[in-house]
Amino acid sequence: MKSDIKLITDEGKRLDGRGPHDLRKIKIEAGVLHRADGSCYLEWGGNKVLAAVYGPREAVPRHTQNPLKAIVQARYNMAAFSVEDRKRPGPDRRSVEISKVISEALEKVILTEYFPRASIDVNIEVLDAEAGTRCAGLSAAAVALVDAGIPMRDIPVACAAGKIEGQVVLDLGKEEDNFGDADLPIAISPRTDEVLLLQMDGHFTVNEFNQAFDLALKGCHTVSEIQKKAILEKYQSVVAEVQE
Ligand code: CDP
């Protein structure tokens with residue numbers, strides 16, 4: 001959608017004062033829910049996301065079971081109050097799509113072959129949405145999976161880059177997403193840089209696409225460090241409690 005809003009000032013600053021290569025502020029806390037096997041609360045700019053993991057547990061109904069490996073079922077949901085116009089509760093096309101791509105991304109790193117016939121369920125609740133919720137949701141789900149003790153090859157992480165006013169920038173905010181030219185959310189396994197998810201909205205030239213991809217990749221590595229810090233913080237405090 002084009003608009004008269006100027007997304008980059010003459011000084012090269014974005015609407016919220018960020019430079020082109022800056023991420024929004026991110027805060028992650030692991031293990032915030034007591035009833036789930038693993039959980040995470042994540043704030044990413046104005047996004048607030050809660051992720052809860054259950055399992056591995058017997059997959060039901062039984063016809064969904066795979067005798068060779070666990071199934072990974074992520075369910076992305078936006079709270080009715082998470083967006084400006086109240087969102088109709090329940091799944092819609094968008095949330096079904098996001099649930100599917102997140103499930104497939106997580107399945108690539110989880111050692112599903114350890115748990116035949118089981119299900120690993122990942123609930124992602126978006127409480128407040130301000131663009132980039134699939135990246136926030138996937139990154140929160142990854143921390144919740146670690147908190148649940150699910151064996152994984154790596155801790156997956158997601159971040160987007162986009163294009164506003166013809167310039168490639170990292171991590172689009174709400175107005176930038178609404179009125180910008182393109183958005184490229186990716187998820188990777190940070191140890192190998194294997195791509196687990198890649199979606200694209202809008203148009204990039206090949207050169208812009210490469211620039212955006214490299215920028216999103218760097219963003220992923222920054223978010224990955226914050227994820228690891230959150231996990232360490234939780235388990236260091238658990239160790240301290242045990243020692244006491
Ligand atoms: O959130 P993400 O960027 O992964 O997905 P999107 O489909 O590109 O949505 C971008 C943003 O639009 C969301 O983060 C919300 O802030 C907003 N949105 C909304 O206001 N109402 C909806 N029903 C869906 C999205």
Open item on the list: Are F213 and I186 packed together at the side-chain level, in the sense that at least one heavy-atom pair is separated by less than 4.5 angstrom?
Closed with: yes

Open item on the list: With heavy-atom distances below 4.5 Å as the criterion, would you say the side chains of L111 and M152 are in contact?
Closed with: no

Task: With L184, the side chain to side chain contact (heavy atoms under 4.5 Å, CB included) member among L172, V168, L198 - done: L198

- [ ] Check the hydrophobic clustering (I, L, V, M, F, W, Y; side-chain heavy atoms under 4.5 Å; chains of links allowed) and say if F179 and V169 are grouped together.
- [x] yes

Open item on the list: Quick check: closest heavy atoms across A158 and C220, and the distance to 0.1 Å?
Closed with: C-SG, 3.8 Å

Open item on the list: With a 4.0 Å cut-off on N to O distance, would you call E97 and K100 a salt bridge?
Closed with: no

TODO: List the atom of L106, the atom of A141, and the distance in Å for their closest heavy-atom pair.
DONE: CD1-CB, 4.1 Å

Open item on the list: So for atom OH, which belongs to Y235, do other residues, nucleotides or ligands contribute more than 12 heavy atoms lying within a distance under 6.0 Å?
Closed with: yes

- [ ] For D201 and A182, indicate whether the former's side chain and the latter's backbone hold a donor-acceptor pair under 3.5 Å.
- [x] no

TODO: Starting from the C-alpha separation in whole Å, work towards a yes-or-no answer on salt bridge (Lys or Arg N to Asp or Glu O under 4.0 Å) for K25 and E130.
DONE: CA-CA 13 Å; K25 199 162 171 263; E130 215 186 57; over 6 Å; no

Open item on the list: Donor-acceptor pair, distance only, cut-off 3.5 Å: does the side chain of D147 make one with the backbone of A30?
Closed with: no

Task: Salt bridge R14-E176, side-chain N to carboxylate O under 4.0 Å - done: yes

- [ ] Looking only at non-hydrogen atoms, find the nearest pair between V109 and S189 and report the distance.
- [x] CG1-CB, 4.3 Å

Task: From I155 atom CD1 to K228 atom NZ, the distance as rounded to the nearest 0.5 Å - done: 6.5 Å

Open item on the list: Less than 4.0 angstrom from a charged side-chain N to a carboxylate O is my criterion; do E43 and R24 meet it?
Closed with: no

Task: Check: E104 and V72 side chains under 4.5 Å, non-hydrogen atoms - done: no

Open item on the list: Using salt bridge (Lys or Arg N to Asp or Glu O under 4.0 Å), reason through E125 and R75 one step at a time and then give a plain yes or no.
Closed with: CA-CA 8 Å; E125 295 291 327; R75 182 178 153 277; 3.3 Å; yes

- [ ] Could you tell me the separation between the CD1 atom of I26 and the SG atom of C159, rounded to the nearest 0.5 Å?
- [x] 6.5 Å

Open item on the list: Nearest 0.5 Å, please: how far is CD1 in I120 from OH in Y114?
Closed with: 12.0 Å

- [ ] Could you go through the side chain to side chain donor-acceptor pair (under 3.5 Å) check for Q73 and S119 one step at a time?
- [x] CA-CA 7 Å; Q73 304 192 92; S119 166; 3.2 Å; yes

TODO: Could you tell me which non-hydrogen atom of R153 sits nearest to which non-hydrogen atom of K108, and how far apart they are?
DONE: NH1-O, 3.1 Å

Open item on the list: Under a 3.5 Å distance rule, please check whether Q227 uses its side chain to pair with a backbone N or O of P156 as donor and acceptor.
Closed with: yes

Task: Approximate separation, where rounding is to 0.5 Å, of I231 CD1 and L145 CG - done: 10.0 Å

TODO: Give a yes or no on whether the backbone of K13 and the side-chain of T9 come within a donor-acceptor separation of less than 3.5 Å.
DONE: yes

Task: Which atom of L170 lies closest to which atom of A160, heavy atoms considered - done: CD1-O, 3.5 Å

Task: Value rounded to 0.5 Å, distance of CD1 in I71 from NZ in K69 - done: 10.0 Å

- [ ] Could you grab the distance from atom OG of S103 to atom CG of D121, nearest 0.5 Å is fine?
- [x] 9.5 Å

Task: Electrostatic pair R18-D16, nearest N-O below 4.0 angstrom - done: yes

Open item on the list: Donor-acceptor pair, distance only, cut-off 3.5 Å: does the side chain of R117 make one with the backbone of R57?
Closed with: no

TODO: Let me see the working for Y76 and T133 under side chain to side chain donor-acceptor pair (under 3.5 Å), right down to the final yes or no.
DONE: CA-CA 9 Å; Y76 165 103; T133 57; 2.7 Å; yes

Open item on the list: Looking at every non-hydrogen atom in both residues, tell me the closest pair between I102 and L197 and how far apart they are.
Closed with: N-CD1, 4.5 Å

Task: D154 side chain to R191 backbone, donor-acceptor under 3.5 Å - done: yes

Task: Donor-acceptor under 3.5 Å (S95 side chain, D92 main chain) - done: yes

Task: Residue pair Q243 / V239, side-chain heavy-atom distance below 4.5 Å - done: yes

Task: Donor-acceptor under 3.5 Å (Q65 side chain, A59 main chain) - done: yes

Task: Presence of salt bridge, K163 and E208, under 4.0 angstrom - done: yes

TODO: Report, as yes or no, whether the 6.0 Å neighbourhood of atom NZ on K218 holds more than 12 heavy atoms from other residues, nucleotides or ligands.
DONE: no

Task: Pairwise side-chain contact, I5 with L15, heavy-atom cut-off 4.5 Å (strictly under) - done: yes

TODO: Please confirm whether the backbone N or O of G219 pairs with a side-chain atom of D171, one donor and one acceptor, at under 3.5 Å?
DONE: no

Task: Carboxylate-amine/guanidinium proximity below 4.0 Å for K48 and E29 - done: no

Task: Any donor-acceptor pair under 3.5 Å from N210 side chain to N207 backbone - done: no

Task: Shared hydrophobic cluster for L7 and F204 (ILVMFWY, side-chain gaps under 4.5 Å) - done: no

